[in-house]
Amino acid sequence: MKLATWNVNSLKVRLSQVIDWLNVNQPDILCLQETKSQNENFPYNEIMASGYQSVFTGQKTYNGVAILSKTIGTETVTKIPNFDDVQKRVIASTFGDLRVICIYVPNGDAVDSEKYGYKLRWLPALNDWLRNELVTYPKLALLGDFNIAPDDRDVYDPESWEGKVLCSQPERDAFGRLLDLGLTDSFRMFDQPEKSYTWWDYRMMAFRRNRGMRIDHILLSNELSKICLSCQVDKTTRKLERPSDHAPVFVEISD
DNA sequence: ATGGTAGAGGATCTA
C-alpha cells in the first residue's frame, strides 16, 4: 500500500502533472494541499478517469485540500471539530481500517505576525482532535504540508533560519507534541540522502542550488509505523516545466 | 543587498 502527499500549489495548473503522477506511481492514497479550487470547480471527472475517487474541501484563491484514492472513503470530515476556522485546511477519510488525515498547516508568515499566532493556535487544536482520532483509529496516517522543518538537518541554512518561521522553537515544540501522541516521522525511520528537502522557493534558483526545507511530512501511528517499509521524496516533479514548489512524499506500507 | 517568483484574480495577498 502506497500513501502520498503533495502540495500542488493550484490543482488547476498542476492537474496534468497530478494525473501523470497517479498513472506512474499508482498510490492507493494521494493527499493534496493548496488546491486553490472551489468545490464546484474540482476536477472530479478528470481524476475519476484515471481511476481515482476524490473527497475535497476548497475555497477561492487560497488553501484547499483533497484526498484522492483508489477506493471510496467513508466518515469524511472537512474541519477540525470544535475549532472555528474559515480556511479550508483539513480533510479526513477512512479506507477500510485506515484513517487518513490530510492537513495544510498555516504558513505563519513571520514569528512577529498575526498569522504566526493563528498557526500556534491551529496546531494545538489539531493535536486535541488527533488524540481522540488515534483512540478510534489505531491505523492512522497524518499527511500534508506541516510548514515546519522539525530539525536543523531539514533546513538548507539552519544558521540563517534559526528562530524564523518554519523553524522556530514553538513550531518545533508543536511538531514534537504530535510525535508525543504516538506518531512517527516516517521519513526518519530510514536512511536518507543528505540535504533531503520537500520545498524549494521559486525565487533565487533555490531548487537548482538545493536551498530547500523538509516541511511536508507523513506521520504514522504505531500500528502503521511498525509495518512501514520506506519513505521517499520524489524530486522529479520539481524538475518539470511549471512545477509546484513542493515535491511529493510517499510511504510504502506492507499490506 | 530585505531583493526574487508563482498563483489567483484582476489590486494586492499569500506563500
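Proteins get letters first, then strands, A, B, ... in listed order; numbering begins at 1 in each.
- Checking B:dA15, B:dG4, B:dA8 against the side-chain heavy atoms of A:Glu34 singles out B:dA15 as nearest.
- Taking atom NZ on A:Lys36 and atom P on B:dG9, their separation rounds to 9 Å, with Å as the unit.
- Residue A:Arg209 is out of contact with every strand shown, counting any heavy-atom pair closer than 4.0 Å.
- For the C1' atoms, the distance from B:dG10 to B:dG4 is 23 Å, rounded to whole Å.
- With both ends at atom C1', the span from B:dT14 to B:dG9 equals 13 Å, rounded to whole Å.
- Classification of A:Arg177 and A:Asp180 as a salt-bridged pair fails, no side-chain N sitting under 4.0 Å from a carboxylate O.
- The separation between A:Asp216 atom CG and B:dA15 atom C1' is 13 Å, rounded to whole Å.
- In this structure, the NZ atom of A:Lys164 is 18 Å from the P atom of B:dA15, given to the nearest Å.
- Of the residues A:Phe187, A:Tyr197, A:Phe175, the one that meets the ring-ring contact (aromatic ring centres under 6.0 Å, His included) test with A:His217 is A:Phe175.
- Distances from the side chain of A:Lys115 to the nucleotides B:dT5, B:dA8, B:dT14 place B:dT14 closest.
- Among the heavy atoms of the strands lying under 4.0 Å from A:Tyr104 are primed sugar atoms or P, OP1, OP2 only; no base atom is included.
- For A:Tyr202, counting side-chain heavy atoms from C-beta on, the closest listed nucleotide (B:dA6, B:dC13, B:dG9) is B:dA6.
- Each of A:Thr61 and A:Gln87 was assigned the nucleotide of DNA chain B with the nearest heavy atom; the assignment lying further toward the 5' end belongs to A:Thr61.
- A straight line from CG of A:Asn107 to C1' of B:dA15 spans 5 Å, rounded to a whole angstrom.
- Taking the side chain of A:Arg203 as heavy atoms from C-beta on, and the options B:dG9, B:dT14, B:dG4, the nearest nucleotide is B:dG4.
- Separation of the P atoms belonging to B:dG3 and B:dA8 is 25 Å when rounded to the nearest angstrom.
- Rounded to whole Å, atom C1' of B:dA15 lies 10 Å from atom CG of A:Leu166.
- Checked options A:Tyr52, A:Phe250, A:Trp21; the residue passing with A:Leu30 is A:Trp21 (criterion: side chain to side chain contact (heavy atoms under 4.5 Å, CB included)).
- Residues A:Gln59 and A:Thr35 fail the side-chain proximity criterion, which asks for heavy atoms closer than 4.5 Å.
- A:Asp109 places its CG atom 18 Å from the P atom of B:dT12, with the value rounded to the nearest Å.
- Atom CG in A:Asp201 sits roughly 11 Å away from atom C1' in B:dG3 (whole-Å rounding).
- One interatomic measurement links the two molecules: CG of A:Asn9 to P of B:dA15, which rounds to 11 Å at whole-angstrom precision.
- A perpendicular orientation is assigned to the rings of A:Phe207 and A:Trp200, their planes being inclined by more than 60° (bins at 30° and 60°).
- When each of A:Lys60 and A:Pro106 is assigned the nucleotide of DNA chain B with its nearest heavy atom, A:Lys60 is the one assigned upstream, toward the 5' end.
- Rounded to whole Å, the C1' atom of B:dT2 lies 22 Å from the corresponding atom of B:dG7.
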